Amino acid sequence: MEDFNPIKIEEKWRKKWEEEKRWEVDIENAENPYYNLMMFPYPSAEGLHIGNVYAFTGSDVHGRYMRMQGYDVFEPIGFDAFGIHSENFAIKQGMHPRDLIKKSTDNFRRQLKKTGNIYAWDHEVNTTHPKYYKWTQWLFLQLYKAGLAYHKEAPVQWCPSCMTVLANEQVIQGKCERCDSVVESKKLRQWFFKITDYADKLLDNLQEIDWSERTKIAQHNWIGKSIGYKLEFPVSKTDFSITTFTTRPDTLFGATYVVLSPEHHLVDQLKDKIENWDEVAKYIEDAKKKPQSEKLKEDREKTGVQLKGVNAVNPANKDEIPIFVADYVLVEYGTGAIMAVPAHDQRDFDFAVKYHMPIRPVVVPENDEQAKEITKNTQAYEGQGKLINSGPFDGLNSEEAKEKIGEHVEGEQDVHYHLRDWLISRQRYWGPPIPIIFCENCRKNQNEDAEEGIDWTTIEDTEYAVHPVPEKDLPVELPYVEDYKPKGKGTSPLAAVDEFVNVKCPECGEGAIRETDVSDTFLDSAWYFLRYPSINVESKPWDGKLNDKWLPVDAYIGGQEHAVLHLMYARFITMFLHDQGALKFEEPFKKFRAHGLLIKEGAKISKSRGNIVNPDEFFDHFGADTVRTYLMFLSPFEQGGDWRDEGIRGVHRFFGRVWGLVQKLDEEAKTNETVEQELHKTIKKVTEDIERLHYNTAIASMMTFLNTLYDNSHTKEDIKTLLILLTPFAPFITEELWEQLGEEGSVHDQEWPKFDPEKAKDDVITIPVQINGKVRAEIEVERGLSKEELEKAAMGDEKVKESMEGKEVKKIIVVPDKIVNIVV
RNA sequence: GGGCGAGUGGUGGAAUUGGUAUACACGGCGGACUUAAAAUCCGUGGCAAAUUGCCGUGAGGGUUCGAGUCCCUCCUCGCCCACCA
């Protein structure tokens, strides 16, 4: 009898599998392709996080299961190694990002190979490799040529301490995530992708894809479609008119003032008429200076200033109402101006109370009691109801009134989205250079008359023609720059590299300059899944035939934190490529499931908490099988798990017992009935639970089955079935024991066991007998007894008779095969 | 403020359409084995108790023969978004 030594076993098989390239699929000829994708990691210098192991294992269990269902599973892996994360860490370490990334990916690869996942290592993607980012740049050019990439001056978030622009996701409540400094707003020329062109498609397609509901809802909310009306408020005694956007035209009669955002263009145009211009100008100046964090503060008091000397006209009742400038109205949303209805919008209400504006209720609930309450004006009523104080529209339902009032004042139906265009330029070093050349000479020679349609831009007061880098010149390689740190001048460190910046214009051949910004990391990851199958194709981003075979992705697993960013961008890019005729599908991921967050003892795992779990330690001590199975045993995969160091011992013991079972196998023994029934039940449970990613209960039922095998006479076949069921979770020990049982071939090539639904049911079942809803007895009966038989059996039971003594039966509820309840 | 989700033993968590609450594990305690320890195996929701009884799924109410599950009111926690008109 051999001792159970998981480390030795795993080394043996790992080596063998690596030599055989055991998990590679025939990418060209696979008959049943199944693309099992996991969000590729950012290779942090600290090494693989236990949370990564958790996520990857969950995906791999699914992949291995599908493999045993007869699919040719392609499970690739790669590294999302560009980006500010890596760069910041490199700066901290005083190491060049390129060197650091090389080191980190090597370490990641070493750790990933320990996990026992069926990765297609021959298809590894690395976003920082010129052979990869050549096509990221190509993608940029396609978007540019299609008119979906544009250049515009826009405010960005700027950290004065780090002296750099920050990505939106690096700004936490108005502060820099690294140094906690308050972020400022700064205007810079930027590249944007017109993702908003796809807002409706991104929204509508959600209905057709098999994704976790919460992820779909997150995307739905992020796109944030609001349907409403554009309403005009003329400025009295002028030719100007203020265009407002509202989703509640039904409350128009309650609009008692109008608010412009401080950046609104009309403020300047009305300058001559405004009597308190100095005051207004000062307010606007202050508002611009106000840091982002101040604006985001939760209970921040609203401020504003009235434009004295001018009034707007409410188009519904022709009332002259005041105009304010206030920074609670955002220039970037809607029209940058609102009609304020204090009675029915809490924000307007707060403002109205402070500045003594009238509050006129125009919508009240149908219920009169509640209606009385509303008219007391203690807070805004934002619900639906019937109209009052609205002239000819009184009594109408607010829903109907929307359209009627909207039409009455000749408003224009209008739609707005929360989704904004995707800002993709970064003034940093560690990313793919944006493949654009600016030529001053070409701009000078552009025919003034033909200005339309020719793309040009202004950089530091000089006009340039904008040229895409010719595709034959791709990739625009990121030079190895010694001083790669951000300089804080609003430009990338690449701007200081003359050899990079100065270039011959591809059109006129004269001296020109390159765009020095790099693109957002999210662009790298927005298309990587298209590259995996075609990683060895040099002449194009992907091979059409391979693409047809493997894409779209069959199953995608990743973190909920990417619900809006990455997943939205990937969908947008796919839709765009589809419209270009480059892809046959619009949606990249047929099925998506978000895994939960792994925590430790109730707390988030983080360096600052000092509760880091080092996966290497556990791999080396217990082996990958145990780590994998323990992680999956914690809780439902989509819910997340709570890691405890001690808990892993239970799974270790379990495998010790599985091992022991094989060691003391009695070849002569026969299966008894209990084992047979339990076997079919277990197959059913494990299969169903793996399908719905409830790995924890799948494992629990295998533990139960193991206990049954220990307690009952069983055969080698029974053990073999258990091993097969365990394979997706524990690929090493199952293979080893398969070999020890003297079986041909590999456990991994076995067909997934099938269960007989009849045998998965017990023949004799225990039925509880309740009296007045309390369990008083249990009776053993055959399955399938009729109501009458069951009632008879229950009434005949000794315990039941005892409890019933001297009582009168009022009613008996009998649910066959379930329960008997006697009411007395 | 908005959206989403969750509250079950000391802990992680189980529980088809409403049908024996706490499966499977961890830890603690007790026991077996051992010279002893480790490992292994068995028992263990709480309170009282000879057999047994009562109480128990965040709180309160309701529907039902029967509620962790359905309905209403409330409380707490987590995540995401946030002055989006």
Side-chain angles (χ1 to χ4, degrees), chain A residues 173 212-218 220-222 224-226 228-229 231 244-248 251 255 259 261 295-300 302 326-330 332-341 344-348 350-351 382 416-420 560-561 563-564 596-597 599 601-602 604 630 633-636 638-651 653-654 656-657 660 685 688 694 696-707 710 765-778 810-824:
Chain A
Q173 283 179 344
S212 328
E213 209 46 42
R214 50 196 293 235
T215 310
K216 289 207 229 179
I217 290 166
H220 187 272
N221 292 343
W222 185 264
K225 185 175 187 173
S226 340
Y229 276 83
L231 302 180
T244 64
F245 174 69
T246 180
T247 54
R248 292 294 302 273
T251 63
V259 188
S261 68
K295 290 188 183 175
L296 291 170
K297 229 183 237 163
E298 193 144 336
D299 298 319
R300 181 171 152 254
K302 292 183 174 44
D327 66 2
Y328 81 92
V329 174
L330 310 175
E332 63 267 27
Y333 190 78
T335 58
I338 62 155
M339 64 176 208
V341 185
H344 303 292
D345 183 294
Q346 194 58 42
R347 293 159 301 180
D348 298 341
D350 296 341
F351 190 86
E382 299 185 343
H416 280 281
Y417 299 91
H418 172 235
L419 182 73
R420 303 292 156 77
Q560 176 68 12
E561 68 274 19
V564 286
L597 187 72
I599 57 173
E601 286 161 40
K604 248 187 194 166
Y630 178 53
F633 182 57
L634 291 173
S635 53
E638 290 176 85
Q639 192 182 301
D642 192 348
W643 172 283
R644 264 150 227 267
D645 289 352
E646 310 83 53
I648 197 167
R649 286 152 71 170
V651 174
R653 279 177 204 148
F654 168 65
R657 275 160 64 79
K685 181 84 179 139
E688 288 171 358
H694 282 216
N696 57 331
T697 44
I699 294 164
S701 73
M702 287 188 277
M703 289 174 166
T704 308
F705 184 53
L706 178 70
N707 293 341
Y710 262 86
I765 47 177
T766 309
I767 302 269
V769 180
Q770 298 181 331
I771 294 169
N772 285 347
K774 292 200 170 148
V775 180
R776 295 295 160 176
E778 285 176 353
K810 287 189 184 148
K811 192 175 176 185
I812 299 184
I813 292 104
V814 182
V815 185
D817 296 341
K818 281 273 156 71
I819 200 163
V820 177
N821 191 8
I822 304 165
V823 188
V824 294

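No experiment lies behind these values; they were computed from the predicted model shown. Letters go in sequence order (proteins before strands), and every chain restarts at 1.
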(message) I'd like the P distance from B/C70 over to B/U52, given in whole Å.
(response) 35 Å
(request) Based on the glycosidic angle (syn within 90° of 0, else anti), state the conformation of B/G9. (result) syn
(message) Tell me if the side-chain of A/Lys818 makes a donor-acceptor pair with the base of B/U20, cut-off 3.5 Å, by modelled atom types.
(response) no
(message) Nearest heavy atom decides the nucleotide; on that basis, is A/Pro636 or A/Lys811 closer to the 5' end of RNA chain B?
(response) A/Pro636
(message) I want to verify a distance call: between B/C4, B/G27, B/G12, whose nearest atom is closest to the A/Glu646 side chain?
(response) B/G27
(request) Would you kindly give the NE2-to-P distance between A/His344 and B/G1, to the nearest whole Å? (result) 20 Å
(request) Report the nucleotide, chosen from B/A82, B/A25, B/A85, that has the shortest atom-to-atom distance to any side-chain atom of A/Leu330. (result) B/A85
(message) Let's see if you can work this out: which of B/A85, B/U20, B/G13 has an atom nearest to the side-chain heavy atoms of A/Tyr333?
(response) B/A85
(message) Taking any heavy-atom pair under 4.0 Å as a contact, classify A/Ile338: base, sugar-phosphate, or nothing.
(response) base
(message) Is the ring pair A/His416/A/Tyr333 parallel, tilted or perpendicular, if the boundaries are 30 and 60 degrees?
(response) tilted
(message) Does A/Lys604 form a side chain to side chain contact (heavy atoms under 4.5 Å, CB included) with A/Leu597? I'd like the steps, not just the answer.
(response) CA-CA 8 Å; A/Lys604 248 187 194 166; A/Leu597 187 72; 4.3 Å; yes
(message) If you only use heavy atoms from C-beta on, which nucleotide in B/A14, B/U11, B/G19 is closest to the side chain of A/Thr697?
(response) B/A14
(request) Check the side chains of A/Asp350 and A/Tyr328 for a donor-acceptor pair under 3.5 angstrom, ignoring hydrogens and angles. (result) no
(request) Look at the side chain of A/Val823 and decide which nucleotide, out of B/A14, B/C65, B/G27, has an atom nearest to it. (result) B/C65
(message) Could you walk me through whether A/Arg248 and A/Val341 satisfy the side chain to side chain contact (heavy atoms under 4.5 Å, CB included) test, starting with their C-alpha distance in whole Å, then the side-chain angles of each, then the deciding distance to 0.1 Å, before giving a yes or no?
(response) CA-CA 9 Å; A/Arg248 292 294 302 273; A/Val341 185; over 6 Å; no
(request) Please tell me which of the listed nucleotides, B/U11, B/A14, B/A85, lies nearest to the side chain of A/Thr247? (result) B/A85
(message) Under 4.0 Å, heavy atoms only, any strand: does A/Asn707 hit a base, just the sugar-phosphate, or nothing?
(response) sugar-phosphate
(message) Please report the distance separating the C1' of B/A85 from the corresponding atom of B/A6, rounded so that it comes out in whole Å.
(response) 32 Å
(request) Output the single nucleotide from B/G12, B/A23, B/A85 whose closest atom is nearest the side chain of A/Ala700. (result) B/A23
(message) Counting only side-chain heavy atoms from C-beta out, which of B/A85, B/C41, B/G19 sits nearest to A/Arg657?
(response) B/C41
(message) Taking the C1' atom in each of B/A15 and B/A25, what is the distance between them to the nearest angstrom?
(response) 16 Å
(message) Rounded to whole Å, how long is the line connecting atom NZ of A/Lys810 with atom C1' of B/U64?
(response) 16 Å
(request) Using the P atoms only, state how far B/C71 lies from B/C55, rounded to an integer number of Å. (result) 26 Å
(request) Considering just the side-chain nitrogens and oxygens of A/Arg214, establish if one lies under 4.0 Å of OP1 or OP2 belonging to B/C79. (result) no
(request) Check whether any side-chain N or O of A/Asn696 sits under 4.0 Å from OP1 or OP2 of B/A14, and answer yes or no. (result) yes
(request) Pick base, sugar-phosphate or nothing for A/Trp222, based on heavy-atom distances below 4.0 Å to the nucleic acid. (result) sugar-phosphate
(request) Calculate the interatomic distance between A/Ile648 atom CD1 and B/C26 atom C1'; express it in whole Å. (result) 12 Å
(message) For A/Lys604 and A/Gln639, find the nucleotide of RNA chain B closest to each by heavy atoms; which residue's nucleotide sits nearer the 5' end?
(response) A/Gln639
(message) Which nucleotide wins on minimum distance to the side chain of A/Gln770, given the candidates B/U20, B/G27, B/A25?
(response) B/U20
(request) Take the protein atom CD of A/Glu561 and the nucleotide atom P of B/C81, then report the distance between them rounded to whole Å. (result) 11 Å
(message) Which nucleotide wins on minimum distance to the side chain of A/Pro768, given the candidates B/U20, B/C24, B/C65?
(response) B/U20
(message) Does a side-chain N or O of A/Thr244 approach OP1 or OP2 of B/A85 to a distance below 4.0 Å, or not?
(response) no
